[in-house]
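Notes for the one structure printed next.
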Amino acid sequence: MTKQEAITNEEAEELRIGAFICECGVNIAGAVDCNAVADYISTLPNVTTAVVNKYTCSDAGQEEIKKAIKDLDLNRVLVASCTPKTHEPIFRACVEEAGLNPYLFEFVNIREHCSWIHMWEKEDATKKAKELVRMGVARAALLEPLQSSEVPVTNKALVIGAGVTGMQAAMDIGDMGFQVYLVEAGPSIGGKMAQLDKTFPTNDCSICILGPKMVEVNRNPNIEIMSYSEVEEVDGYVGNFDVKVKHKARYVDINLCSGCNSCVEKCPVEVPYWEFNEGIGTRKAVYVPFPQAVPLRALIDKSICIDCGACSKACERGAINMDQEDTFSELEVGVIVVCVGYDVYDPEPNHDFGFGLYDNVITTMEFERLINASGPTMGKVVRPSDVVQPKRIGFVQCVGSRDVNSNIYCSSFCCMASLKNAQLIKEKYPDTEVYIMYMDMRTPFRMYEEFYNRARDMDIHFIRGRPAEVTENEDKNIIARIEDTLTNKIENLELDMMVLSVGAVSPESTEKIRQILKVSRAADGFMMEAHPKLKPVDTTLDGIFIGGMTQGPKDIPYSISQGSACAARATRFLAQGKALTEGITIAVDEDICVGCGVCVPMCPFQALKMDDDGKLEIIKALCKGCGTCAVACPSGALQQSHYKNNQILAQVKEVFAYEEV
Amino acid sequence: MADNNDWEPKIVAFCCNWCSYGGADTAGMGRFQQPASTRVIRVMCSGRIDPLHVYNAFLEGADAVLVTGCHLGDCHYVNGNEKTELKYQFLEEMVKQLGLEPERLYLNWISASEGERFANFINDVTAKVKEIGPSPLKPEGVS
Amino acid sequence: MVEVGDKLVGYATDDEVRKRGASGGLVTAVLAAALEKGMVESVVVLKHIDEYEAVPIITDDVEEVLASTGSMHSVPVNLAKYAVDRKVAMPGKPCDIKAVIEQSKRNMIDLDNTYLVGLNCGGTMPPVLTKQMLIEMYDIDPEDVVGEDIEKGKLIYRTKDGNEKAISIEELEEAGFGRRKNCQYCQLKIPTNSDLACGNWGVIGDLAGSATFCEVMNEKGKKLIENAVEAGRIEVAPASDKAIAIREKVNGVMVKMGETTQEKVFTQMPDEERLPYYREALADCIDCGGCKLACPVCSCGDDAKCTLFHSLGDNYKMSMFHLVRLLHLSDSCIGCGQCTDVCPVDIPITRIQMSFSIPVQTKLNYKPGMNADEKPPFFEVMIK
């Protein structure tokens, strides 16, 4: 077989290609002689018509395409204009309306890839445009109609992570009438927000606004909370995910426990409470996560339990069950929303600003617990070294953010968090001196700049700069050597306590779920959205959505918006009861395939597998159409539709000419 | 031929839909001017760029071939570009052994936001290829 | 009890088999025992036609297996593809075993069902050239030959009339005869990639010529030996330290020779000479596809990427067929020489392929045909 034969369409159907060359006002016509391009293209084989439009994407332009399809019986349409990234869907829909399969449309970019980059070489630009369209015509001739197929959708959702984002997503999906499984790794829902004291820009109590929401989630008949549980396996595809969830043993029967705390009082084992109180204050081996926990049930930390049996004796309901084991549920869901949140940056390993070396350098999260009225100190702000109320407190911004040595991104909430905490100190202890050491104060969004101004009016000292050196004196006071870059003054600032305004990082613990779901990871470590602007909560995987901090640092209002956005995006599938699969997929020529299996591990979506007879099986609904397996295939049996080898090679061939064009 | 400034090389650039094709778009949006040497061929993922396509481009007459995709870790299809890099290791060694100048084959990761990087890349490669002249694999009479 | 790693010396208990075998008939007896005890369904053996021709056959007849003894230095066919889709035991040169292992990585052979009895190999000779050599160098009518041997670097031929003549291999190879080119630079002489590595190196004293040295490479090798002992077909005893040392020494010399030859053959041509060389070398290709068909590593069928996008009609300066093949085999070529053997226009395909494969395999640190668990780099998913 010659290559010419190989790249010639086998169908006997007469090809009738219509080419539409867009001037895009002067965007294209300014550098490309569009009429010359059309004249040239109309001489090429299989081209029935070549037309120049002022704006092909306009209503008039699209009408012209539709009319030409009908009048001239076109069976391929080519548009040479801007980028397919924005306009391909528009033209595909256009030709489909005229009765042509949308995959028989070919897009040639002569704006971004030609007129705009050769603005002053009209001759070159025109010649190149001719060649680009010639390549497109060759490809168009080989295009084949493709169909997206429909798959039924199980009308239930899984939300992973029950922080404020996940709660919002679960509630919205539940309120829209669909059943939701809300899986939370911790013993209570609520997430990080439950740990915070007050929230900006209103300074209302965090748990006071979150608590009722938690109760509401619990009460929602469509939501099944699975606390202290983790997703172990996910199989399947949009509409048909099979999920295995592990329910970790609490050693307390949550159907019997009432959260009365009588077991806790009797338990003799006491350890620092890291999970909720950042190690400030203690908890017992048996404990109720926090007073507002949902579910308000105790659990036993088996790693420190001494099996003394005191809790069993104390529990009147007989809820303690030391023989409990992990159990598993198999769920079937149609969509998955991932809201697994973040960790605060840990300054310990690098001893940023003396953290870990000096007692009185703490993080924002520790400060939140200190100033929280229901926290371990009942809201009394004291410094760790001597439990005395500090009179001089400094906040250092951008710790673990905007720093090439840790994370280059801005964590976005820390400026506002420190402004809020500074205000709280001023309200509670007006004679405290408060310093905020910053690079830039970043306070976008509604009421935030006003909030900043309010802090400015409260006699809080703002120093533009960050400590160059931090030391500790004999009184355990912190000496921060800092230059105020606005006044160029260097001073040794003595502080009783310094709070590091730590940023957000993607938790290592969420890497497992990311890999189970096969969601991409962005360079910053957070999970990656399908498009940074247009699809902020979608992933590249149909039916899987990410919201809140899972996708990158953001504050509470933004996170909640994303929770709702996830719910809306996800519910589209549930409401329709069906999903369309990708039209561009992989196909195997069984006459050529020898079953070597090289392709199988290439697919990151598990769309390929060998059946028991050693034959290759393709699960179309899982295929995302990347075509990587087709490259691995040594025999050429695997072909990616719409990007078949002959289609690509036809384009390559037409890059070159044997005569002057 | 090498010192003929009028000669414009033909460069075939394979670009992935999500990143490097977007980078070429962004170069256009930013009006980063480039020599008219390069013809972009779009595939969905750089993992789809078969060494077969690269060979074919050379045999058809390409003076240089560019294999481009998303930065490692940013692949739209999880890790397609890792597979691209693996296959590229082969290509690179093969092309070297074949005796083609290393200036004729490139692997480059360009994100959709890196328009200037894309333009600089095209400028650099075109200049280098102009220096070494047409490919010895270019068939007679092909431009 | 036999253990993995054991080095043994043994022979067939049947005198007839022991006598007919090149070195004690152990391999034949092991294969026969595996068949008669149902370890395998069939055995691949070479059926002797004459000194220069033999055909591989797949048999389930124990007698046919027993009748197949005798090594054949002038029959360089690769047996790997005879093991595809079968439950077999087979003898094999190191390159046969390599090819079997590569096929297993391509889902074509299930190693669990395949028993590989490896044979030491110093190299094989091309049949036609060998006949010519006998006439020109030995002054012997090829039809008169009844036996051959290699001893102390010399190739010995015995004739009907009871005479024998020896010429050093070095001399033969300098004259353009002797071993196939690829064998001259092959560096796997003891098939350590097999289940049971057998040969006459290290068989000394009274046993010389009537026993086989064998090394148990893995559990399957252990099973083969134990089965044959149990069936009463072989007797084995541990090899002496001296025997082991001699075997090592012979191997060392052979491998060293291979390395030296490889360095000589694959001296890098200057950059600007390579492309013209390859173009010219491949220009004679008549597109018969024989090299693809003969390749024991390639698992594709008739249609593959190398053929689908290639044609003589293309106005290309090089052949797509060969470029794609060079790439697809670059990590996995075992240098067995089959492609060169079958090429009707005498293109040194193996040499060309290896000039691409050696740098690729070195760069990617991959030795094809050695370890069944090691994936060819072309099949890898993630960068190591």
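Lettering of chains follows the sequences in order, A, B, ..., and the numbering in each one begins at 1.
Interface remark: of the candidates A:Cys82, A:Cys629, A:Pro84, A:Pro84 forms the most heavy-atom pairs closer than 4.5 Å to chain B. For the set B:Arg42, B:His71, B:Met44, B:Lys138, the count of heavy-atom pairs under 4.5 angstrom toward chain A peaks at B:Arg42. Each of A:Met528, A:His642, A:Gln640 has some count of heavy-atom pairs under 4.5 Å with chain B, and the biggest count is that of A:Gln640. Counting heavy-atom pairs closer than 4.5 Å to chain B, the top residue among A:Pro604, A:Ala632, A:Cys626 is A:Cys626.
For A:Glu88, the part sitting under 4.5 Å from any heavy atom of chain B is the side chain, from C-beta outward, and nothing else. Both the backbone and the side chain of A:Met602 come within less than 4.5 Å of a heavy atom in chain B. Both the backbone and the side chain of A:Met119 come within contact range of chain B, each with at least one heavy atom under 4.5 Å from a heavy atom of that chain. For a residue to count as touching a neighbouring chain, one of its non-hydrogen atoms must lie under 4.5 Å from one of that chain's; by this rule B:Val12 touches chain A with the side chain only.
Applying the salt bridge (Lys or Arg N to Asp or Glu O under 4.0 Å) test to residues at least two apart or on different chains, the pairs with a partner in residues 634-644 of chain A are A:Glu144-A:Lys644.
Side-chain N or O atoms of A:Glu112 include none that pairs as donor or acceptor with a backbone N or O of B:Arg31 at under 3.5 Å. The backbone N or O of A:Phe656 lies less than 3.5 Å from no partner atom in the side chain of B:Lys10, so there is not a single donor-acceptor pair. Judged purely by atom type and a 3.5 angstrom limit, A:His118 uses its side chain to pair as donor or acceptor with the backbone of B:Gln34.
Applying a 4.5 Å heavy-atom cutoff, none of the residues of residues 88-124 of chain B approach chain A. Residues of residues 75-85 of chain B that come within less than 4.5 angstrom of chain A, heavy atom to heavy atom, are B:Cys75, B:His76, B:Tyr77, B:Val78, B:Asn79, B:Gly80, B:Lys83 in numerical order. Contacts between residues 13-30 of chain B and chain A, defined by a heavy-atom separation under 4.5 Å, are made by B:Phe14, B:Asn17, B:Trp18, B:Tyr21, B:Gly22, B:Ala24, B:Asp25, B:Ala27, B:Gly28, B:Met29.
No more than 12 heavy atoms of other residues, nucleotides or ligands lie within 6.0 Å of CD1 in A:Ile408, so this atom counts as exposed by the packing criterion. Residue A:Glu123 qualifies as open at atom CD: its count of foreign heavy atoms under 6.0 Å is 12 or below. The local environment of NZ in A:Lys535 is sparse, with at most 12 non-hydrogen atoms from other residues, nucleotides or ligands closer than 6.0 Å. For A:Asp589, the CG atom is densely surrounded, since the number of other residues' heavy atoms within 6.0 Å is greater than 12.
A:Val631 places a side-chain heavy atom less than 4.5 Å from the side chain of B:Pro51.
We find the CZ-CD distance between B:Arg39 and A:Glu131 to be 4.5 Å, quoted to the nearest 0.5 Å.
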Set out, in order, the CA-CA distance, both residues' side-chain angles and the distance that settles side-chain contact (heavy atoms from CB on, under 4.5 Å) for B:Leu52 and A:Asn645, then state yes or no. CA-CA 9 Å; B:Leu52 171 92; A:Asn645 282 318; 3.9 Å; yes
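We find that B:Glu8 and A:Lys128 are not joined by a salt bridge, their nearest charged nitrogen and carboxylate oxygen being 4.0 Å or further apart.
The minimum heavy-atom distance between A:Thr628 and B:Cys45, with the atom names listed, is OG1-SG, 4.1 Å. The two residues A:Gln651 and B:Ile41 make their nearest non-hydrogen contact at OE1-CG2, 3.6 Å.
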